[in-house]
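Below is one structure, written out as C-alpha cells; the observations come after it.
In this chain, residues are counted from 1 in sequence order.
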Amino acid sequence: MRRSTAIYHLIALVCSGCNLLSGRCTYEIRSLEASGVFQQNASTLADARITLSEQRGSLQGQSISWLVTSTDLKGHVTAAAFKDSSNPSQVLLALPVASADRPEITQGATGSGDGANLGGFHDIIAAGRGVIELQTDIPSQPTVTIQLIPTTVSDWVRPYCS
C-alpha cells in the first residue's frame, strides 16, 4: 500500500466516528439482569436478583452482583451458592451469608479482576438454568432453590461505535 493511500485510510478512519484510534471501539460489552422468587404456601419465602456484565476485546472482564432476601429464612441460612440447574451438584460461585445484623441473606459483587471465574455465567442465566441454592438449618426446608429468570438480556455490542 502506498503511503498516501495509507494516510487517506487513516483520515477516513479518524473522521468516520468509529473511535478505533481512541480505544473506545475496540471492545464489546454485554449484560443481563435476572430475578427469581421461591414461593411457599402462596407467599414469597425468598427473593433473588443478579446483574452480570462482560467485556471482551481490548478491555476484558466480567462482573456479577447479587442480592438475596428473605424475612422467614433470616438467621437460618447456612450456605448460599450460584449453580447451573443442569449440574446442581457443582457450586459455580459460593455466596457469603450475611451476618445476623444485616437485613439480607447474601449481597455482594465480584469479578474477574478479583480472581473470580465467571466464564459461562451469562449463557447459563440467559438459558434459564441459573439458580441460587440456599442451605438452611430448618429440618422441614433444608434446601431452597430460587430459579433465576432473565429479565433483561443484551447481546454483544460495541459502545461508542456508530
Side-chain angles (χ1 to χ4, degrees), residues 22-161:
S22 70
R24 296 178 76 186
C25 197
T26 60
Y27 65 95
E28 296 176 303
I29 60 172
R30 72 177 177 177
S31 62
L32 68 75
E33 294 178 4
S35 62
V37 296
F38 182 86
Q39 298 218 331
Q40 187 174 49
N41 301 327
S43 67
T44 299
L45 184 63
D47 181 282
R49 284 174 278 176
I50 279 189
T51 301
L52 179 77
S53 175
E54 293 182 301
Q55 297 175 336
R56 70 179 181 189
S58 65
L59 297 177
Q60 295 187 21
Q62 302 152 323
S63 63
I64 190 169
S65 63
W66 65 88
L67 173 64
V68 180
T69 59
S70 172
T71 305
D72 297 334
L73 295 178
K74 187 64 186 160
H76 295 285
V77 175
T78 58
F82 172 76
K83 295 183 173 188
D84 181 340
S85 63
S86 68
N87 186 6
S89 63
Q90 181 184 14
V91 172
L92 297 175
L93 183 64
L95 308 176
V97 177
S99 60
D101 63 326
R102 302 286 308 156
E104 68 277 354
I105 298 295
T106 179
Q107 180 178 19
T110 191
S112 53
D114 299 327
N117 180 3
L118 305 176
F121 281 30
H122 184 281
D123 296 336
I124 291 168
I125 297 168
R129 298 191 329 258
V131 296
I132 301 289
E133 184 179 275
L134 306 175
Q135 299 294 322
T136 76
D137 61 5
I138 303 170
S140 64
Q141 192 73 61
T143 303
V144 171
T145 303
I146 306 167
Q147 181 71 47
L148 296 168
I149 307 300
T151 55
T152 305
V153 179
S154 72
D155 204 357
W156 293 110
V157 295
R158 288 183 183 256
Y160 311 113
C161 291

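- The two residues Ile146 and Ala48 come nearest to each other via the heavy atoms CG2-CB, 3.9 Å.
- Between the CD atom of Gln39 and the OG1 atom of Thr44 there is a distance of 4.0 Å, given to the nearest 0.5 Å.
- Between the side chain of Lys74 and the backbone N or O of Glu104, at least one donor-acceptor pair lies under 3.5 Å.
- A heavy-atom distance below 4.5 Å is found between the side chains of Gln135 and Thr143.
- In this structure, the side chains of Phe82 and Ile50 come closer than 4.5 Å at one or more pairs of heavy atoms.
- Two residues are said to be in side-chain contact when any heavy atoms from C-beta on lie closer than 4.5 Å; Phe121 and Leu93 meet this criterion.
- Thr136 contributes a side-chain N or O that, together with a main-chain N or O of Gln141, makes up a donor-acceptor pair within less than 3.5 Å.
- Under a 3.5 Å cut-off, the side chain of Thr110 and the backbone N or O of Ala116 do not form any donor-acceptor pair.
- Donor-acceptor pairing under 3.5 Å is lacking for the side chains of Glu54 and Ser31.
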Check your understanding: Lys83 and Val91: side-chain contact (heavy atoms from CB on, under 4.5 Å), yes or no, with the steps?
Key -> CA-CA 5 Å; Lys83 295 183 173 188; Val91 172; 3.7 Å; yes
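- Interatomic distance, Ile29 CD1 to Ser53 OG, rounded to the nearest 0.5 Å: 6.5 Å.
- The main-chain N or O of Gly128 is found under 3.5 Å from a side-chain atom of Gln147 such that the two form a donor-acceptor pair.
- Within 6.0 Å of CZ in Arg49 there are 12 or fewer heavy atoms belonging to other residues, nucleotides or ligands.
- Applying the side chain to side chain contact (heavy atoms under 4.5 Å, CB included) test between Ile124 and each of Asp84, Leu52, Val131, Leu148 identifies Asp84 as the sole match.
- Taking 4.5 Å as the limit, every side-chain heavy atom of Thr106 sits out of range of all side-chain heavy atoms of Ile132.
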Check your understanding: Would Leu73 and Leu45 satisfy side-chain contact (heavy atoms from CB on, under 4.5 Å), going step by step from the backbone distance to the final call?
Key -> CA-CA 7 Å; Leu73 295 178; Leu45 184 63; 4.1 Å; yes
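- Considering only heavy atoms from C-beta on, Pro150 stays 4.5 Å or farther from Thr152 through its side chain.
- Taking the side chain as every heavy atom from C-beta outward, Arg56 and Trp156 approach each other to under 4.5 Å.
- With contacts defined as side-chain heavy-atom distances shorter than 4.5 Å, the pair Thr69/Gln107 does not qualify.
- Glu133 CD to Ser85 OG: the interatomic distance, rounded to the nearest 0.5 Å, is 11.0 Å.
- To the nearest 0.5 angstrom, Leu67 atom CG is 11.0 Å from Ser35 atom OG.
- Between Asp155 and Val153, every side-chain heavy-atom pair lies at or beyond the 4.5 Å cut-off.
- With hydrogens and angles ignored, the 3.5 Å screen pairs no side-chain donor or acceptor of Thr51 with any backbone N or O of Ser65.
- Taking CG of Asn87 as the reference point, atom CZ of Arg129 lies at 9.5 Å (rounded to 0.5 Å).
- For Asp114 and Ser112, the side-chain atoms include no donor-acceptor pair closer than 3.5 Å.
- Rounding to the nearest 0.5 Å gives a distance of 12.5 Å between CD of Gln55 and CZ of Arg30.
- Listed here is the closest heavy atom pair of Leu134 and Ala46: CD1-CB, 4.3 Å.
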